[in-house]
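Below: the structure, in structure tokens.
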Amino acid sequence: MAWRCTGVTNAQLIANMKSHGIIHSESVLKAMNAVDRAHYVLSPAEAYEDSPQPIGHNATISAPHMHAYACEHLLPYLRPGAKVLDVGSGSGYLVAVLHRLVSPGGKVVGVEHIKELVDFSVENLKKDGLGAAVNKGEIVMIAGDGRLGCPEEGPFDAIHVGAAAPTVPEALIEQLASPGRMFIPVGAFLQYIEQIDKDAHGDVNIERVMGVRYVPLTDRQLQEQN
């Protein structure tokens with residue numbers, strides 16, 4: 001079970017998620033093992049707790065098990081050379097994991113509306129040995145409204161959204177490749193992960209995956225006020 005996955009090291013955290021059936025694939029296991037969560041949190045002593053943690057500006061880094069679920073659900077579209085959008089990229093942790101899943105040749109774009117968090121994420125990526133990927137444009141971190149996506153970089157084979165939207169932003173569906181898949185929490189009081197698939201003809205199918213509790217996908221002003 002997810003809340004039992006806390007470890008004393010990054011390797012133990014990831015191993016616990018595998019033993020509890022959250023991580024199934026070797027590729028996700030390898031990618032998550034390669035990214036030390038301690039580089040992406042404010043309190044390294046708590047880095048391996050399987051829980052959300054504050055990263056400043058009323059933002060959080062999601063619990064590790066939710067990042068693992070996201071990677072497993074998006075995995076069919078996370079092949080080498082794929083292009084991925086991470087909305088609400090926060091401290092950059094999932095961007096680092098996704099980068100490893102789409103390399104070589106892939107590109108990950110992170111969008112975060114708080115410029116200070118964008119700067120924080122770039123620092124974290126460099127600490128984690130990914131400075132070259134940032135410099136080469138394999139990882140791009142952008143300050144902007146994630147609800148609008150990043151049309152100049154699309155379309156995207158996979159889109160991850162790290163905060164709950166009241167409804168699915170139409171711009172993100174438009175920027176999803178055909179075929180492509182989105183993993184997004186949707187709702188206000190009651191929230192669910194929705195897996196949104198667009199097929200090769202552009203037809204969209206939405207599947208409700210699980211109940212969740214995420215911070216809201218909003219604008220900078222409202223987030224800073226909350």
Side-chain angles (χ1 to χ4, degrees), residues 10-11 14 23 25-41 47 55 59 61-62 64 66-163 171-172 174-184 196 198:
N10 196 65
I14 307 307
I23 295 176
S25 64
E26 287 300 316
S27 55
V28 171
L29 182 69
K30 181 179 179 181
M32 295 192 77
N33 265 316
V35 180
D36 191 339
R37 197 166 181 262
H39 292 305
Y40 299 90
V41 298
I55 55 173
I61 179 175
S62 296
M66 288 310 305
H67 285 147
Y69 278 130
C71 289
E72 289 288 355
H73 279 271
L74 294 173
L75 188 59
Y77 298 87
L78 299 177
R79 59 191 177 276
K83 187 179 288 187
V84 186
L85 176 66
D86 184 24
V87 174
S89 47
S91 66
Y93 172 80
L94 188 60
V95 167
V97 176
L98 293 169
H99 167 72
R100 286 169 169 82
L101 287 165
V102 301
S103 295
K107 185 172 188 176
V108 183
V109 178
V111 179
E112 171 59 57
H113 56 204
I114 296 178
K115 177 63 164 58
E116 293 85 348
L117 287 179
V118 174
D119 295 340
F120 178 55
S121 68
V122 171
E123 292 174 7
N124 297 338
L125 290 161
K126 290 179 178 177
K127 283 191 300 183
D128 203 21
L130 293 176
V134 173
N135 293 337
K136 290 189 289 186
E138 296 170 359
I139 295 175
V140 178
M141 307 302 286
I142 296 171
D145 189 339
R147 296 169 297 184
L148 304 178
C150 188
E152 63 271 23
E153 293 283 358
F156 299 97
D157 301 289
I159 297 176
H160 169 267
V161 182
L172 298 184
E174 291 174 358
Q175 291 168 43
L176 195 60
S178 298
R181 176 172 290 176
M182 186 189 317
F183 183 94
I184 178 172
I196 300 175
K198 184 187 286 187

Reference residue Asp157; test side chain to side chain donor-acceptor pair (under 3.5 Å); the match among Lys83, Arg181, Arg79: Arg79
Residue pair Val95 / Ser89: nearest heavy atoms and the distance that separates them: CG2-CB, 4.0 Å
Distance-only side-chain donor-acceptor flag, His160 / Asp86, under 3.5 Å: yes
Worked check of side-chain contact (heavy atoms from CB on, under 4.5 Å) between Glu138 and Leu130: CA-CA 10 Å; Glu138 296 170 359; Leu130 293 176; over 6 Å; no
Between CG on residue Asn124 and CD1 on residue Ile55, distance to nearest 0.5 Å: 8.5 Å
Rounded distance (nearest 0.5 Å) linking atom CG of Leu78 with atom OG of Ser103: 11.0 Å
Test side-chain contact (heavy atoms from CB on, under 4.5 Å) applied to Val97 and His67, step by step: CA-CA 9 Å; Val97 176; His67 285 147; over 6 Å; no
Spatial distance of atom OH (Tyr93) from atom OG (Ser121) [nearest 0.5 Å]: 15.0 Å
Non-hydrogen side-chain atoms of Leu172 and Leu85 separated by less than 4.5 Å: yes
Least distance between heavy atoms, Pro155 atom then Leu176 atom: CB-C, 4.4 Å
Leu101 CG to Ser25 OG distance, which is reported to the nearest 0.5 Å: 7.5 Å
Closest non-hydrogen atom pair, Ile142 against Val118: O-CG2, 3.7 Å
Lys30 atom NZ: more than 12 heavy-atom contacts under 6.0 Å: no
Pair Ile196-Ile159, side-chain contact (heavy atoms from CB on, under 4.5 Å): steps then yes or no: CA-CA 9 Å; Ile196 300 175; Ile159 297 176; over 6 Å; no
Side-chain donor or acceptor of Gln175 paired with backbone N/O of Cys150 under 3.5 Å: yes
Sub-4.5 Å side-chain heavy-atom contact between Met141 and Leu125: yes
Identified side chain to side chain contact (heavy atoms under 4.5 Å, CB included) partner of Asn10 from the options Met32, His39, Arg37: Arg37
Any donor-acceptor N/O pair, Glu112 side chain to Gly90 backbone, under 3.5 Å: yes
Atom pair CD1/NZ of Ile139 and Lys126 - distance to nearest 0.5 Å: 11.5 Å
Least distance between heavy atoms, Ser91 atom then Phe120 atom: CB-CE2, 3.6 Å
Taking every non-hydrogen atom, the tightest pair across Ala96 and Asp128: CB-OD2, 4.3 Å
Any side-chain heavy-atom pair of His99 and Val35 under 4.5 Å: no
Minimum heavy-atom distance His73-Pro76, with the two atoms named: O-CD, 3.6 Å
Chi angles and distances behind the side-chain contact (heavy atoms from CB on, under 4.5 Å) call for Val102, Lys107: CA-CA 7 Å; Val102 301; Lys107 185 172 188 176; over 6 Å; no
